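Structure first, then comments.
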Amino acid sequence: MASVSLTFPDGNAREYDAGVTAAQVAESISKSLAKKAISATVNGEHWDMQWPIDSDASIALHTMADDEQANELVRHDLAHIMARAVQEIWPDTKVTIGPVIKDGWYYDFDSKESFTPEDLSVIEKKMREIINKREPVRTEIWDRARAIAHYEANGEPYKVELIESIPGDEPLRMYWHGDWQDLCRGPHLQHTGQVPGDSFKLMSIAGAYWRGDSDRAMLQRIYGVAFTGKEKLKAHLNMLEEAAKRDHRKLGREMDLFHMQEEAPGQIFWHPNGWSIYTELQDYMRRKQRAAGYVEVNTPQVVDRKLWEASGHWDKYQEHMFIVEVDEEHAREKAINALKPMNCPCHVQIFNQGMKSYRDLPLRMAEFGSCSRYEPSGALHGIMRVRGFTQDDGHIFCREDQIEAECAAFITYLSSVYKDLGFDNFEIMFATRPEKRVGSEESWDHVENALENAIKVAGHPYTLDEGEGAFYGPKLDFKLTDAIGREWQCGTFQVDPNLPERLDATYVAEDGAKHRPYMLHRACLGSFERFIGILIENSAGKLPFWLAPRQVVVASIISDADDYVHEVVAALNAAGVRAEADIRNEKINYKVREHSVGKVPVILAVGAREVEERTLTVRRLGEKQTSVQGLDDVIAGLKVDATPPDLR
RNA sequence: GCUGCUGUAGCUCAGUGGUAGAGCGCGUCAUUGGUAAUGACGAGGUCGAGAGUUCAAUUCUCUCUAGCAGCACCA
């Protein structure tokens with residue numbers, strides 16, 4: 001019999017009969033390892049304990065201590081165990097797919113009856129029973145005809161469809177957890193008892209389209225989370241609780257920032273506190289973009305369809321547009337307009353006024369552009385996804401040879417803004433030419449190179465998103481990471497030769513002839529609405545002092561201090577600090593609690609001592625400790641805190 | 001838009017086929033207190049909108065609307 005040489009992580013090699021399984025290898029080392037082992041890595045591939053090894057290879061055996069492999073297996077086995085549990089409880093249920101995702105797994109089912117949240121604990125209980133049976137997991141390779149016949153006989157049409165979409169030469173692997181069987185690439189654990197029964201939880205039920213296609217059947221998806229130990233599950237559930245506490249919709253109410261109501265779905269009523277954040281942020285952005293060489297413009301909200309037809313939006317984007325029909329009493333013709341969903345066509349109109357010379361390029365045009373988009377109702381989410389929003393929009397009109405420098409400058413600008421706003425980490429996604437595209441290969445080469453070079457000059461790591469660019473040009477998307485590890489796509493940089501063409505934008509070059517400029521679409525925050533939502537959740541409502549709507553409350557302890565309170569408030573306001581007096585007839589404990597809940601960063605308490613000594617007792621949000629400081633020192637310090645980062 | 005769930009006082013939520021309750025908040029009064037809730041009293045609701053069933057609907061049914069979770073979209 002042929003033999004194979006297996007090399008272990010410590011560098012030692014051992015000979016085995018060809019076709020040896022990882023389980024047999026583990027057995028040859030020790031009984032306890034054979035029991036504890038969950039899988040192997042063979043030549044870099046995650047390997048089931050049952051799979052045979054036919055040629056020389058490197059091998060590493062895994063136990064539950066190897067988090068990466070253990071998580072994958074536990075979650076994947078739980079997907080199968082859950083599907084088995086569901087089919088045992090509701091035998092008519094048809095199974096589809098159940099992949100591992102971040103922190104857990106899901107499985108999609110087709111079932112006549114809809115699952116309820118109460119069903120989750122029933123399913124969980126059944127899953128634990130299956131785990132406790134410690135039934136073996138086994139696997140076989142089947143040919144297609146047998147597999148299809150099997151699933152047809154069992155009334156599992158989705159599995160049949162899946163098999164038919166798998167390339168013909170690929171072997172089909174079948175897995176059994178006890179008697180329950182599923183088509184699966186593997187690997188899996190050795191038996192169901194290897195799944196820790198106390199480290200998973202079914203989370204929710206939701207609809208999901210078969211194969212992610214909104215034209216196909218709606219299935220029922222059950223989500224679960226799972227880890228290798230119960231402490232890790234607990235930590236995860238705590239994190240979810242923390243995220244719920246930070247929810248901008250909850251904080252928006254508690255801090256009295258904004259509200260939304262039924263009469264204006266997807267649009268925001270900004271209250272004084274929220275609008276203070278908004279205008280502070282906008283003032284900051286205005287200074288930043290002016291410093292970056294932009295001119296600011298403003299364009300109309302209601303624009304005749306003719307312009308949208310010319311730009312192509314009428315054709316491609318109409319279902320997302322608010323159409324405004326004006327039927328004036330004596331008008332012969334009904335005017336049909338649309339609220340602008342984007343600012344770009346309007347910016348081209350400004351560019352097109354008068355003759356532009358190559359000397360005018362690059363022309364950087366910015367607008368805090370209010371856009372209205374009829375987003376699908378299910379897409380709306382607090383102030384993060386709305387129908388009326390304002391972009392920190394900008395368009396750079398330039399020549400092809402200016403793209404690289406403009407892109408590099410934008411990355412610098414964006415880094416500086418994100419850093420000022422408390423986000424040190426962001427990721428760049430570089431989306432390149434898609435299959436369906438316009439323009440010459442040569443021009444795509446140039447433009448893609450320009451973007452790639454710009455990223456390299458910035459020295460920033462990036463991820464290639466191949467084939468995901470627009471049909472007319474490549475783009476960069478900027479994703480920032482918040483305080484609890486969530487990612488948000490905010491900034492974008494897109495190269496567009498198409499719209500200048502459609503709207504006939506030209507400039508006169510050195511040769512005296514008219515040429516087509518490129519148009520670079522770019523946004524840094526994305527929209528003020530979404531970005532403020534992210535700021536709120538990132539800071540859990542404890543915004544940096546300069547952005548906080550209510551910066552200081554001066555609270556009296558006794559009414560004899562009222563005059564001094566007013567004096568301090570006036571002095572702070574004169575120094576550019578948003579301060580207010582709280583001279584209500586309440587105890588200081590009550591005032592401290594109320595303003596702490598309201599996320600006011602600084603509370604200045606004033607009693608007999610402070611009046612006497614002209615001092616203030618300073619308490620910062622989140623700190624138990626207070627300190628007594630002189631009036632002038634406090635004002636000077638807070639004046640600095642209240643200064644936006646770009647003005648310090 | 002699709003699947004499922006939800007809509008009761010400003011907020012968080014109980015509850016019922018015979019037109020409603022709690023806590024917090026709000027108002028009034030008393031209390032002048034030293035860093036996360038002083039006490040008493042009081043006001044406050046077309047029970048999301050419309051239709052149907054019923055002697056009677058906040059409760060049951062349907063339609064609409066808005067929100068929530070996910071999907072599909074996306075700044």
Side-chain angles (χ1 to χ4, degrees), chain A residues 106 108-111 113-119 203-223 247 249-250 253-254 256 259-266 317 319-320 341-343 369 371 373-393 477-478 488-492 521-531 533-534 555-562 583-598 603-610 617-628:
Chain A
Y106 66 76
D108 287 348
F109 300 98
D110 184 7
S111 171
E113 54 201 308
S114 33
F115 304 135
T116 67
E118 291 74 49
D119 291 336
M203 301 300 284
S204 61
I205 305 158
Y209 297 109
W210 169 233
R211 313 207 106 179
D213 183 344
S214 58
D215 292 330
R216 307 205 56 179
M218 176 61 78
L219 306 170
Q220 295 191 70
R221 174 172 297 178
I222 302 181
Y223 284 92
D247 191 308
R249 292 165 296 187
K250 181 172 137 77
R253 198 166 41 239
E254 288 171 2
D256 195 15
H259 86 272
M260 303 175 86
Q261 65 186 51
E262 197 163 340
E263 287 76 4
Y317 204 71
E319 59 172 333
H320 295 293
M342 296 174 187
N343 307 298
C371 297
R373 296 185 190 171
Y374 190 77
E375 297 290 352
S377 56
L380 302 178
H381 179 87
I383 65 172
M384 301 282 209
R385 190 76 186 276
V386 289
R387 287 181 176 158
F389 58 95
T390 301
Q391 297 175 314
D392 65 317
D393 205 0
D477 280 325
F478 299 85
W488 301 93
Q489 202 241 291
C490 297
T492 184
H521 307 258
R522 38 107 296 163
C524 180
L525 305 182
S527 83
F528 282 91
E529 289 75 7
R530 173 180 289 182
F531 207 90
I534 295 168
S556 59
I557 296 169
I558 50 163
S559 54
D560 283 347
D562 290 358
I583 55 166
R584 290 175 305 169
N585 178 12
E586 297 290 353
K587 289 189 172 179
I588 190 66
N589 298 39
Y590 182 88
K591 295 182 183 182
V592 165
R593 178 185 147 77
E594 189 178 283
H595 299 124
S596 298
V597 168
I603 299 171
L604 301 176
V606 177
R609 281 206 303 272
E610 288 81 0
T617 298
V618 182
R619 183 190 163 112
R620 293 207 174 244
L621 184 58
E623 290 175 18
K624 279 245 154 62
Q625 215 58 21
T626 59
S627 67
V628 180

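As a basis for the values below, the full set of heavy atoms in this structure was taken, side chains included, without hydrogen atoms, waters or symmetry mates. This one's a predicted model, so the numbers in the text were calculated from it and none came from an experiment.
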Looking at the side chain of [X], which of [options] is the nearest nucleotide?
X      : options                : result
A:S204 : B:rA66, B:rA69, B:rG1  : B:rA69
A:T626 : B:rC74, B:rG25, B:rU35 : B:rU35
A:N589 : B:rG70, B:rA75, B:rA36 : B:rA36
A:A605 : B:rA72, B:rU35, B:rC74 : B:rU35
A:Q391 : B:rA37, B:rG34, B:rA75 : B:rA75
A:A206 : B:rG70, B:rC2, B:rG34  : B:rG70

Nucleotide-level pairing of RNA chain B, given in dot-bracket where Watson-Crick and G-U pairs need both distances under 3.5 Å and | marks other strands:
(((((((..((((....[..)))).(((((.......))))).....(((((..]....))))))))))))....
Is the aromatic ring of A:F389 within stacking range of B:rA75, meaning centres under 5.5 angstrom and planes under 30 degrees?
yes
Could you tell me whether [X] contacts a base, only the sugar-phosphate backbone, or nothing, with contacts defined as non-hydrogen atoms closer than 4.0 Å?
X      : result
A:S527 : base
A:G526 : sugar-phosphate
A:T617 : base
A:G598 : nothing
A:E594 : nothing
A:E610 : base
A:I558 : base
A:Y223 : sugar-phosphate
A:E375 : base
A:G491 : nothing
A:P265 : sugar-phosphate
A:H595 : nothing
A:A555 : nothing

Interatomic distance, [X] [atom1] vs [N] [atom2] [rounded to whole Å]:
X      : N      : atom1 : atom2 : value
A:R249 : B:rG7  : CZ    : P     : 17 Å
A:E586 : B:rU35 : CD    : C1'   : 15 Å
A:E263 : B:rU65 : CD    : P     : 14 Å
A:E319 : B:rC74 : CD    : P     : 10 Å
A:M384 : B:rC74 : CE    : P     : 19 Å
A:L380 : B:rA75 : CG    : C1'   : 13 Å
A:K587 : B:rU38 : NZ    : P     : 6 Å
A:R584 : B:rU38 : CZ    : P     : 11 Å

Between A:G378 and A:Y317, just flag the one whose closest nucleotide in RNA chain B comes earlier from the 5' side.
A:G378
Quick one: on RNA chain B, does A:R530 or A:R619 contact a more 5' nucleotide (nearest heavy atom)?
A:R619
Is a donor-acceptor contact shorter than 3.5 angstrom present between the side chain of A:R385 and the base of B:rC73?
yes
Determine whether a donor-acceptor pair (one donor, one acceptor, N or O, separation below 3.5 Å) exists between the side chain of A:Y209 and the base of B:rG70.
no
If the [atom1] atom of [N] is compared with that of [M], how far apart are they to the nearest Å?
N      : M      : atom1 : result
B:rU58 : B:rC13 : C1'   : 16 Å
B:rU8  : B:rU59 : C1'   : 11 Å
B:rG10 : B:rA43 : C1'   : 13 Å
B:rA51 : B:rG44 : C1'   : 30 Å
B:rG1  : B:rU54 : P     : 33 Å
B:rG21 : B:rC26 : P     : 23 Å
B:rA14 : B:rC60 : P     : 15 Å
B:rG70 : B:rC11 : C1'   : 27 Å

Determine: side-chain N/O of [X] to OP1/OP2 of [N], distance under 4.0 Å, yes or no.
X      : N      : result
A:S377 : B:rG1  : yes
A:H381 : B:rA69 : yes
A:R253 : B:rU12 : yes

When you look at A:E610 and A:T617, which way does the side chain to side chain donor-acceptor pair (under 3.5 Å) test go after all the steps?
CA-CA 7 Å; A:E610 288 81 0; A:T617 298; 2.5 Å; yes
Ion pair check, A:R249 and A:D247, cut-off under 4.0 Å
yes
